[in-house]
Protein chains: 2
Amino acid sequence: MHLPASPAAIELPLLAPAPPERADAARNRQRILCTAERLFAERGVSCVSMDEIAAAAGVGKGTLFRRFGSRAALAMAVLSERESAFQEALIRGAPPLGPGAHPRDRLIAFGEGRLDFLVEHAEILAAAEIGPERFSSAPYEVSRLHLTLLLRQADPGCDAEYLTEALLAALGADFYVYVGLARELPLERLKAGWAELVRRLLPDPGADCVPGARLPAEEAGTAPAPAGA
Amino acid sequence: MHLPASPAAIELPLLAPAPPERADAARNRQRILCTAERLFAERGVSCVSMDEIAAAAGVGKGTLFRRFGSRAALAMAVLSERESAFQEALIRGAPPLGPGAHPRDRLIAFGEGRLDFLVEHAEILAAAEIGPERFSSAPYEVSRLHLTLLLRQADPGCDAEYLTEALLAALGADFYVYVGLARELPLERLKAGWAELVRRLLPDPGADCVPGARLPAEEAGTAPAPAGA
DNA sequence: GTCGGATATCGGACCGTGGTCCGCTTACTG
DNA sequence: CAGTAAGCGGACCACGGTCCGATATCCGAC
């Protein structure tokens, strides 16, 4: 869907130092991912064991864990393409979400987009976001960096690191599974709540009380780390 | 420490419909809790298995699970006394935390108190707050109710339910384990961040823009559900 | 007071699952 | 075509959680 293997594509050697993957390994990896996604969709994520995925994909359990490390990491890998697309929209997309809009509005758009993503993939995401390494996963790191930059731009005086973590906690999978699914708050209410939260948190763009926030660098630098990790 | 079995004590039949606990059961329960707490402290929560706790307490594994249901529930039970004390302070304590202060200040005090609690018991709490039933646990329910009331008092126009969940997410055990322990943000910074977050979220008590917020009922109603559940 | 039965409790054998290990196999390299 | 290292796979382990026969406790009857 993105970053195809087209040989004419621009090389980013610093970001792609991992060409050596044996052919059979690549084949198995792809088969595992497809099989896992299919089983997840057919029977529900929590009703599919790693043994079943391995058997259905025609590989040994050891292979499964060698390639993905854990159940959570496998779920993350299943979503990695879509996750990358979302990141792409953040960094190079159209203005409400992508660069160009005021940081506060981008922050609101980020949360709303994330909520859409949660609705779509809640089950798999909930499986992906367990264990302590969930905070070190590539998508989480990207989101954190993004939020921190936006917060700093919108209000250089705030504790951007703390606020980043606090806000991300309200966009996590288990948060949505509980608030959105168990308590059945409708998506629109969650989006409205998020927008209001951000609006209260950050100064109004109309009032020019933060003159230094004129989008200094716009974070166009390097591409995000590919989701393969 | 609380609700002793003194026969002369005032009876609250609606809240204590569970007197029938066999003598040996009570003895075992106490022994299990003490043993678990000791083992947790000695070797770290994550290095103690349920089998070990059962063996050290001199009971069978079945007893352990019959009484507590799950590892998370056992951890919760270990903390229940301290948790009850905190709830007590919320409902009947001195004004910054207890009733009497402005809701916004109580909310700030609540978060700071909760952070202290997290610092003290991070490991056990992290074990207690796993699984989907963590949101239905008695302490969580009490916190939620408390926050929702305070938010409604401080600003009747806000979406108190959404904000409650969003704020509680920033006071959860895994949040602290990551932000406070892994990223090593000092406690004082977390407290300051929380206070600033609440301050930005809610209108200033000085400005009387919320005339209806004069602490209408002060939630003195019934005692909280005892932690035994 | 003690006896007997209904019933809650006990405890360890048992299961499924996530995760690890290590000898065998298979694909790349010169 | 041989060497080599990466990949592979299934036996193995530890742990959380379940089940059911054996056992102890309580309560009413005598």
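Throughout, a chain's letter reflects where its sequence line sits, starting with A, and its residues are numbered from 1.
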Closest-nucleotide 5' rank along DNA chain D - winner of A:D51 and A:G60: A:G60
What is the distance from CG of B:L64 to P of D:dC19, rounded to the nearest Å? 16 Å
Do the charged groups of B:R43 and B:E52 touch, with an N to O distance under 4.0 Å? yes
Please determine if a side-chain N or O atom of A:N28 lies less than 4.0 Å away from the OP1 or OP2 oxygen of D:dG7. no
How many whole angstroms separate atom CZ of B:R67 from atom C1' of D:dC19? 18 Å
Integer-rounded Å distance: C:dG11 C1' and B:I53 CD1: 16 Å
Consider the side chain of B:K61, meaning its heavy atoms from C-beta on, and name the nucleotide among C:dC10, D:dG10, D:dG17 that approaches it most closely. D:dG17
Can a salt bridge be assigned to the pair A:E165 and A:R144 using a cut-off of 4.0 Å between side-chain N and carboxylate O? yes
Among C:dG18, D:dC15, C:dG11, find the nucleotide with the atom closest to the side chain of A:S49. C:dG18
So B:T63, base contact, sugar-phosphate only, or nothing? Heavy-atom distance under 4.0 Å. base
Between C:dA13 atom P and B:M50 atom CE, what is the distance in whole Å? 18 Å
Closer to the 5' end of DNA chain C via nearest nucleotide, is it B:A26 or A:E52? B:A26
Check A:E196 with A:K191, please: is the shortest side-chain N to carboxylate O separation under 4.0 Å? no
Once you round it to whole Å, what is the distance between C1' of D:dA6 and CZ of A:R27? 14 Å
Of the listed D:dG17, C:dT20, C:dT17, the closest approach to the A:F65 side chain comes from C:dT20
Say whether, by atom type as modelled, one donor and one acceptor occur between the side chain of B:E129 and the main chain of B:A173 under 3.5 angstrom. yes
Comparing nearest nucleotides in DNA chain D, the 5'-proximal residue of the pair B:R71, B:R66 is B:R71
Side chain A:R106, main chain A:L90, donor-acceptor under 3.5 Å: yes
Nearest whole Å is fine: how far is C:dG18 P from A:F68 CZ? 15 Å
Rounded to whole angstroms, how far apart are CG on A:L74 and P on C:dT17? 16 Å
